[in-house]
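As a basis for the values below, the full set of heavy atoms in this structure was taken, side chains included, without hydrogen atoms, waters or symmetry mates.
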Amino acid sequence: MPRWLGLLLLARVAASVNFFHHSYDELVRALLDVQASCPYITRFYSIGRSVQGRDLYVLEISDNPGIHEPLEPEFKYVANMHGNEVLGRELLLQLAEFLCEEYRHGNQRITQLIHETRIHLLPSMNPDGYEVAAAQVPGDLGYLTGRNNANGVDLNRNFPDLNTMMYYNEKQGGRNHHIPLPDNWKSQVEPETLAVIKWMKSYNFVLSANLHGGAVVANYPYDKSHEQRNRGIWRASSTPTPDDSIFKKLAKGYSYAHGWMHRGTNCGDFFPDGITNGASWYSLTKGMQDFNYLYTNCFDITLELSCDKFPPQEKLAFEWLANREALIAYIEEVHQGIKGLVSDENNNKLADAVISVKGISHDITSGEHGDYFRLLLPGTYTVTASAEGYQPQTVTVIVGPAAASVVHFQLRQNISETPPLRKASDKGPTAKALHKKVVPRAAQWETPR
């Protein structure tokens, strides 16, 4: 695209968007306006309600809204998890309008993205906290005012702790994906957290990001470290996932597409390339980022987007232009690695088939339609598909730097009379027993994120 045409595009977009802090009612109206402008590519729905009864609304953007198309990946953005961290909330409203308008104007890149991706935008996970923060006098907002939900709970410390079981399984053997929840998990989470977990279970999300504020950095899992005690103090240490390489690539993709995140020296911090492993920054337990990776097929990172948690609205247009390309480019990252269908000999689609990659000790599973999506860097991989009652199938796959390689698996039914092997989920203690353990940690050195 010629530079002058790009500048013309930005001018048109800037002129069409209202840059101000939206109250809850204004946020709902803005989403409905986008839905009315682009009814054929959008769907407006609620995933649940907050403590005070506000709906947690999502805008879906897709060429066939409301329908999962096989081999089309699901993507999500979540913002305003902490009620006083508001830039992400406004950016997602701008993004929704931008995608709608550019689709209507025939932008080839945006049209392709919408035709090939099912995009879900949740602008506010904590609308109650936002209203508390927004009611404060500008400039007098306390660092934590409005951060929590109406019950005073930090939603990014409210997800079931699956890291403890994962770390145990690493030593004792056991599954490395879709780790089971404790039996009493619903009684331990807030309404907003419960709604998001049910949402995650309803859609086979492949990639997502959680938009925060208070720093400018792309943060990737694990958030919770293998805690190490030194002279009586619990200290964080870098704790990479088995997919550390792809997570670094995802984080750098956003950082370098952003106006200045990649510099790494924003807000008085120093993050090389503008990225950080969460645990090496500080250890965080029961966070949403790790939960995505350990309980679902979704790879999730946390984007800290502004030094000021509640920036003045005259800066919103500037922040939008700094993040616009990064927001689009990050969605496009969902189209890498491999994808395909898992079926039986009669072409019946197999859900919950396990896709394993040799050398990467983290598996994913096929969705209810039998399709799977495995994010991978370019390279050559040995990939195995397996399902209970079927013979596993292994193939060698070459992954390129562009679109995902399509690899289908057709599994034959296992007719062996040999008793089935014990499932990985049967190894080690039960989820219920392990979650009763008390893991010591020191919160006094933890920085709020």
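- Among the candidates Val153, Val196, Leu194, the single residue satisfying the side chain to side chain contact (heavy atoms under 4.5 Å, CB included) test with Val189 is Leu194.
- When each of Asn210, Leu294, Asn156, Asn219 is tested with Gln289 by the rule side chain to side chain contact (heavy atoms under 4.5 Å, CB included), just one qualifies, namely Asn219.
- Checked for salt-bridge contact, Asp363 and Arg175 miss the test: no charged N lies under 4.0 Å from a carboxylate O.
- With hydrogens and angles disregarded, no donor-acceptor distance shorter than 3.5 Å links the side chain of Tyr40 to the backbone of Asn64.
- Taking 4.0 Å as the cut-off between side-chain N and carboxylate O, Arg118 and Glu60 count as a salt-bridged pair.
- Applying the side chain to side chain contact (heavy atoms under 4.5 Å, CB included) rule to His21 yields the partners Val86, Glu90, Tyr130, Phe310, Gln313, Leu316; only residues at least two apart in sequence or on another chain are considered.
- No donor-acceptor pair closer than 3.5 Å links the side chain of Asn149 to the backbone N or O of Asp154.
- The pair Arg54-Asp25 fails the salt-bridge criterion, with no side-chain N (NZ, NE, NH1 or NH2) lying under 4.0 Å from an Asp/Glu carboxylate O.
- Each of Leu207, Ile246, Ile301 was checked for a side chain to side chain contact (heavy atoms under 4.5 Å, CB included) with Glu333, and the lone residue meeting it is Leu207.
- Side chain of Ser366 to main chain of Asp371: no donor-acceptor pair is present (N/O by atom type, distance under 3.5 Å, no hydrogens or angles).
- When all heavy atoms are compared, the tightest approach of Leu327 to Tyr77 is O-OH, 2.8 Å.
- A side chain to side chain contact (heavy atoms under 4.5 Å, CB included) with Tyr167 is found for exactly one of Asn163, Thr164, Asn169, namely Asn163.
- Contact detail for Thr296 and Cys298: the closest heavy-atom pair is OG1-N, 2.9 Å.
- Judged by distance alone, the side chain of Glu131 and the main-chain N or O of Tyr24 form a donor-acceptor pair under 3.5 Å.
- Aromatic pair Tyr293/His362: ring centres closer than 6.0 Å.
- Both tests hold for Lys76 against Phe205: distance to the six-membered ring centre under 6.0 Å, angle to the ring axis within 45°.
- No donor-acceptor pair closer than 3.5 Å links the side chain of Glu97 to the backbone N or O of Leu93.
- Aromatic ring centroids of His262 and Trp260 lie 6.0 Å or more apart.
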Checking side chain to side chain contact (heavy atoms under 4.5 Å, CB included) for the pair Ile338/Tyr381: CA distance, chi angles, key distance, verdict?
CA-CA 10 Å; Ile338 60 174; Tyr381 298 90; over 6 Å; no
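- In this structure His120 satisfies the side chain to side chain donor-acceptor pair (under 3.5 Å) test together with Tyr45, Glu74, sequence neighbours excluded.
- Residues that satisfy the side chain to side chain contact (heavy atoms under 4.5 Å, CB included) test with Arg109, not counting sequence neighbours, are Asn107, Glu325, Ile328, Ala329, Glu332.
- Between Asp33 and Arg29 no salt bridge is recorded (no basic side-chain N to carboxylate O distance below 4.0 Å).
- Relative ring orientation between Phe20 and His22 is described as parallel, the plane-to-plane angle staying below 30° on a 0-90° scale split at 30° and 60°.
- Remark: the backbone N or O of Glu85 is paired with a side-chain donor or acceptor of Asn80 at under 3.5 angstrom.
- Side-chain N/O atoms of Asn204 and Glu368 include no donor and acceptor closer than 3.5 Å.
- The closest donor-acceptor contact from the side chain of Thr302 to the backbone of His212 lies at 3.5 Å or more, if one exists at all.
- Listed for the Asn176 side chain is a donor-acceptor partner under 3.5 Å among the backbone atoms of Ser361.
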